[in-house]
Each structure stands twice: as structure tokens, then as C-alpha cells.
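To start, the structure itself, in C-alpha cells.
Ligands are counted one by one from 1 in listed order, and the atoms in each one are counted from 1 as well. Everything quoted here is computed from the prediction, not taken from an experiment.
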Amino acid sequence: MNITVKNKKLKSWIKEVADLCKPDDIYVCNGSKEEYNLMLEKLLESRIAIPLKKRPGSFLFRSDPSDVARVENRTYISTPLKEEAGPMNNWIEPSELKKTMLDLYKGCMKGRTMYVIPFSMGPVGSPISKIGIEVSDSPYVVINMHIMTRVSSRVLELLSTDGEFIPCLHSVGAPLSKGQEDSQWPCAPIEQKYISHFPEENLIWSYGSGYGGNALLGKKCLALRIASAMARREGWMAEHMLILRLTGPEGKQYHIAAAFPSACGKTNLAMMQPSIPGWKCECIGDDIAWMKTGPDGRLYAINPENGFFGVAPGTSYNTNPMAMDTLNENVLFTNCALTDDGDVWWEGMDGDEPAHAIDWKGRDWTPESVEEAAHPNARFTAPASQCPVICKDWEKPEGVPIDIFIFGGRRGSVAPLVYEAYNWDHGVFLGSTAASETTAANIGALGNLRRDPFAMKPFCGYNMGDYFQHWLDMGDRLGDKAPRIFYVNWFRKSGDGKFLWPGFSDNSRVLKWMCERVDGKVGARETPIGLLPDEGDLDLSGLDLSTDDMREIMIVDTDDWKAELPDIESHFDKFGDRLPERLKKQLQEFRKRLG
Ligand code: SAT
Ligand code: MN
């Protein structure tokens with residue numbers, strides 16, 4: 001081991017893990033640039049990292065074709081009672097799960113170095129921040145954690161001898177015997193993968209995968225699953241939300257937090273540049289928000305992360321210019337295609353397709369190839385500080401006051417472009433019944449509709465019925481200081497299958513309406529599903545959109561919504577007596593409004 005660890009709990013945990021996993025070596029990380037470069041050198045030497053000539057300090061990685069996304073069916077919330085995990089989580093009893101995993105962990109780091117990664121979610125030392133220690137046998141994880149979290153020796157100093165941290169144990173699950181050559185992307189077969197959370201102990205154990213949220217344990221595992229359980233106990237919120245600041249022509253600031261399922265354009269919205277004159281948008285976070293009530297009774301949000309782990313395919317100067325400008329240097333790319341001149345490429349990037357490239361599986365690719373060049377869930381890992389529109393206050397320890405919550409999903413039909421909840425309880429009803437068509441970020445069939453309450457289905461660390469109640473309780477606490485709640489669907493299609501709404505920078509038109517609602521400047525018309533903009537209230541100036549298309553985007557078809565009722569009912573039925581009475585009442589009222 002390279003340094004002496006002072007924290008007693010950490011010291012004994014490191015020893016315990018090393019005795020179990022039997023690494024060749026232990027290295028405690030300090031988060032320095034030198035350390036990052038050292039890891040990269042190792043990865044270059046073993047040809048796991050591919051340097052990109054066109055982007056200074058940037059590298060391409062290719063995962064095993066079986067290890068390309070979060071594995072939701074291997075992700076567990078392990079509480080003593082199954083009811084505590086609830087109907088939306090996989091559950092195994094803690095002692096049983098630990099026994100299975102301890103067997104897997106036995107000797108699993110042989111032939112590898114065990115890295116101890118001290119990190120802070122949120123600015124180091126901020127009262128809202130949490131400290132985690134990830135132990136991992138993957139140098140790829142170390143460099144990704146360097147970008148996505150604040151890895152620093154200051155974290156160890158803060159911990160001192162007795163400070164508390166969240167232990168996050170990770171192994172790719174591929175021990176090496178003497179002389180055995182390592183594979184390009186070590187990982188374990190699917191039936192041995194486990195992404196496990198023990199919320200009552202604030203403990204994370206991950207085994208068998210090296211990819212994204214399965215392996216970068218500060219993100220979904222700590223900042224959402226474990227944090228959501230802590231937040232409920234402690235009276236705050238950990239949400240799957242982007243955070244942005246919108247500034248109007250008169251200089252008034254509005255802060256918006258928005259929840260969408262993975263790969264529904266959260267990163268695009270977080271960095272959106274308004275098409276309407278006079279409005280400015282700045283990014284604070286693109287995936288996770290931690291929120292607490294401030295001294296003035298309002299809800300304040302911080303982004304606990306330090307970087308973006310964004311979906312590459314579809315990202316272009318057209319869809320997200322600010323992300324493109326974030327990606328010029330110091331970026332780690334995973335499962336993108338490699339061009340002959342040493343750049344990355346993915347489907348949907350600007351300009352012509354390359355005549356030849358190496359696809360994400362390392363094979364020759366041409367435009368004639370039947371398979372995609374980049375995996376649909378190919379990712380970039382980029383420092384948030386490199387985003388040209390990162391808000392100057394994005395690291396403010398006290399956070400920013402939230403005015404507006406947005407829920408949404410990807411739906412080709414039924415849901416109109418935007419509507420506002422009648423009140424907080426109705427907003428919680430909208431969040432709790434949010435639905436989206438599935439995407440490449442989650443394993444499973446593409447294009448099926450799934451209910452993804454608050455975009456938290458894969459990320460809530462306890463019974464979702466109790467989570468709904470926590471939202472209702474937060475509303476009671478916030479009273480008239482509570483943010484207003486809206487629902488959006490950027491993805492409605494016409495009868496012939498074309499997207500009706502241009503989206504991207506034109507989404508600013510929808511956000512502007514929300515701000516005007518907050519300020520009481522515009523009215524809205526009552527419909528069974530909520531409050532919709534009156535004709536003429538959405539600023540459509542300069543937009544080439546026919547009146548017919550606009551009408552179609554806004555249609556609320558009562559029959560379509562009545563047809564949804566049985567699905568909403570069976571969704572609610574899953575929660576049994578954990579479903580809050582106030583949501584049952586919301587459903588009753590909704591049914592009544594539909595007539
Ligand atoms: O792979 S992650 O879980 O980090 C990203 C996502 O699916 O949203
Ligand atoms: Mn996400």
C-alpha cells in the first residue's frame with residue numbers, strides 16, 4: 001500500500017477486502033493529474049485505451065459486447081424485509097445475497113491491483129456532500145471516477161480518524177492466474193453479475209461488470225439508490241434530475257429540475273441554447289439533483305457529480321452544440337467508432353458518415369455495414385467544467401433555489417407537448433404515473449411503454465410507494481414555497497410517424513411558458529389531464545410549424561386517456577397498502593374529469 005490510512009473504519013475495511021479479494025497490490029488514489037496519467041499509461045500499454053489524435057488527452061475504450069449497459073435485472077435492493085425494497089426493485093435477503101457475493105469476491109482480484117478511490121459527491125467539504133470510498137480492481141473505473149466525482153486526498157483528510165463514508169466495493173470479477181494475459185475488457189458472465197445495495201447499512205457491493213452505472217458507483221448506486229434512502233430518513237430529496245438556470249430578458253433567473261428516464265434527452269435539455277431571443281440557459285447538472293430546504297423555506301438543489309456520462313449517438317452540433325464543444329479534449333469515450341484519422345464517430349454526428357471506420361466491436365465498418373458503428377449506448381465521460389455553458393454557480397455549496405419541476409418521457413402518442421399540474425398532489429400523481437418507451441440505456445426490448453415513476457424506477461433505493469409518500473410529505477413541508485410541476489413530451493409523432501415538435505433549442509418556448517405561469521403572466525385552459533397553454537400563449541415566433549401540427553401536438557384525446565386507466569390502475573395496484581391515499585384520490589379525480 002502506497003500510503004498510511006488514518007481513518008479506523010477505512011483501514012479495517014481495506015484489510016477485510018484485501019483478505020477476501022486477494023489483490024496483488026493495493027493503491028490508494030489521491031485524484032492528481034499525475035495519477036490519472038499513470039493509469040492511462042497502464043491502459044495504453046495494455047492497448048485497452050486507444051489515443052485519439054484529433055482530440056487531445058482523449059481516449060477510446062471498447063467494452064465486452066456483453067457488458068454495454070446497466071443491468072437492471074441483476075440490480076438488487078437488499079433490505080431485511082422484501083416490502084422495504086418494494087415492487088419495483090429486485091430483492092434478495094441480505095445474508096443470502098452477501099453469502100453468494102462473498103463466494104464470488106473470494107480471490108476475485110488475483111493478478112490485479114486494488115484501487116482505493118476516496119471521492120466526494122458534491123463539492124469537497126460542502127454540508128450537502130457525501131463521502132464515498134470505492135474499492136475497485138479496474139483502472140478504467142479509476143479514471144472515470146476522476147472525471148465523474150471529486151477524487152481527492154482532501155477527502156481522506158476530511159475523514160480524519162473517525163469520519164463516516166459510504167463503502168462501495170467493486171470488482172470486474174475476472175481474476176488472473178499467473179502469466180495469464182488480461183482480456184481487453186475483463187468482466188464476469190451475466191449470471192454472476194450483481195449490483196447490490198444495502199440501504200440500511202449505506203453499503204454498495206458490485207460484481208462482474210465494468211460498465212457505467214454498474215461500476216462507477218458514485219453515480220446511480222450512491223447518488224441515487226443509497227442517497228434516496230438516506231434522503232427519506234433525513235427529510236431531503238435525491239432525484240434523477242437535470243438542473244438548469246434559465247434567465248429571462250429582464251435578467252430574472254429561474255431554476256428548473258427535470259426528470260426523464262435514461263436516454264430521453266436530459267443532457268440535451270440541460271445544455272440547451274434557447275431559440276427565442278433574450279433568453280439564456282446555463283447548465284448546472286445533467287443527471288442527478290440533491291435537494292434540501294434552505295433557510296428561506298425554498299428547495300435548493302446541487303449537482304453531486306463532477307462530469308457528464310452522456311449518450312454519444314445522436315449528439316451533434318444540431319442536437320447539442322454545447323455538449324459537442326465539451327468533448328474537444330480530456331474525454332473518455334466508450335463504445336464509439338474509431339475513424340481512420342484518429343477521431344471518434346457515432347451515428348447522428350454532424351457531417352458525412354466516414355467511408356471507413358472501426359466499429360465498437362473492433363471490426364471494419366463501412367456505410368454498407370448492417371450493424372451500427374457505435375453502440376447505441378456508447379458514452380462520453382467529460383469534465384463538467386469544460387462545458388461552455390456551465391453555470392458559474394454550479395459548485396455553490398448551498399445550491400440553487402428550484403422554481404419548476406418537470407417530468408416527462410418519450411411517447412409517440414397520447415401525451416401532449418406540455419401541461420401543468422393542478423397542484424402539488426396532482427404533480428406527484430403525474431410523476432408517479434410517468435411513462436416512457438424503452439431505450440438503449442436499459443437492457444430490454446426497445447420501444448415498449450413502461451411506467452417509470454419520476455424516472456426513478458431503476459434508481460429508488462426503497463419501496464416506491466413510500467417514495468410517493470415522501471414526495472407528498474415534502475410538498476406539505478414546502479407549502480406555498482414548493483416548485484410548480486409540469487409534464488412534457490417532446491416526442492409526439494404524427495399519424496405518418498414523424499416527430500411533430502422540433503425539440504432541442506425550441507424547447508425553450510415551452511420553458512418560457514412555464515416561467516410565465518410561475519410569474520402569473522399567462523393563463524391556461526383546464527383539461528382532464530391538467531392545465532394546457534391557451535392558443536397563442538406558447539411563443540412560436542419564427543418557428544416553421546403549421547397550425548394543424550401545433551393542434552395535433554396539443555390534442556388531449558379523452559378516449560386515449562380513458563384507455564390508459566386500466567394500466568395506471570394495475571401500476572398503482574402493485575404498491576398495495578403502500579400506495580398513499582392521496583394518490584388514490586388523485587386517480588379518482590382524474591377518472592371523474594375524464595367523464
Ligand atoms: O450507465 S449509467 O447508469 O451511468 C447511465 C444511465 O443509464 O443513465
Ligand atoms: Mn440517468
N/O/S atom of Lys266 inside 2.8 Å of the Mn ion (ligand 2), strictly under: no
Would you kindly specify which portion of Phe309 sits under 4.0 Å from ligand 1, judged on non-hydrogen atoms: side chain, backbone, both or neither? side chain
Once the angle between the rings of Trp490 and Phe260 is folded into 0 to 90°, is it parallel (under 30°), tilted (30 to 60°) or perpendicular (over 60°)? tilted
With atoms numbered from 1 as shown, which atoms in ligand 1 lie under 4.0 angstrom from a non-hydrogen atom of Lys219? 4 (O)
Give the ring-plane orientation class for Phe499 versus Phe491, where under 30° counts as parallel, over 60° as perpendicular and anything between as tilted. perpendicular
Polar-atom distance check: Lys220 versus ligand 1, any N or O pair below 3.5 Å? yes
Would you name the N/O/S atom of Asp287 that lies closest to the Mn ion (ligand 2)? OD1
Is the distance from the ring center of Tyr419 to that of Tyr487 below 6.0 Å? yes
Run the side-chain contact (heavy atoms from CB on, under 4.5 Å) check on Phe165 and Trp13 step by step: do they pass? CA-CA 11 Å; Phe165 63 92; Trp13 185 56; 4.1 Å; yes
Any cation-pi pair here, Lys220 with Phe459, using under 6.0 Å and within 45°? yes
For a side chain to side chain donor-acceptor pair (under 3.5 Å) with Gln386, tell me which candidate from Asn330, Thr326, Asn328 qualifies. Asn330
Can you find an N or O of Arg70 that's nearer than 3.5 Å to an N or O of ligand 1? yes
At less than 4.0 angstrom from any non-hydrogen atom of Gly213, what atoms of ligand 1 do you find? 1 (O), 2 (S), 3 (O), 4 (O)
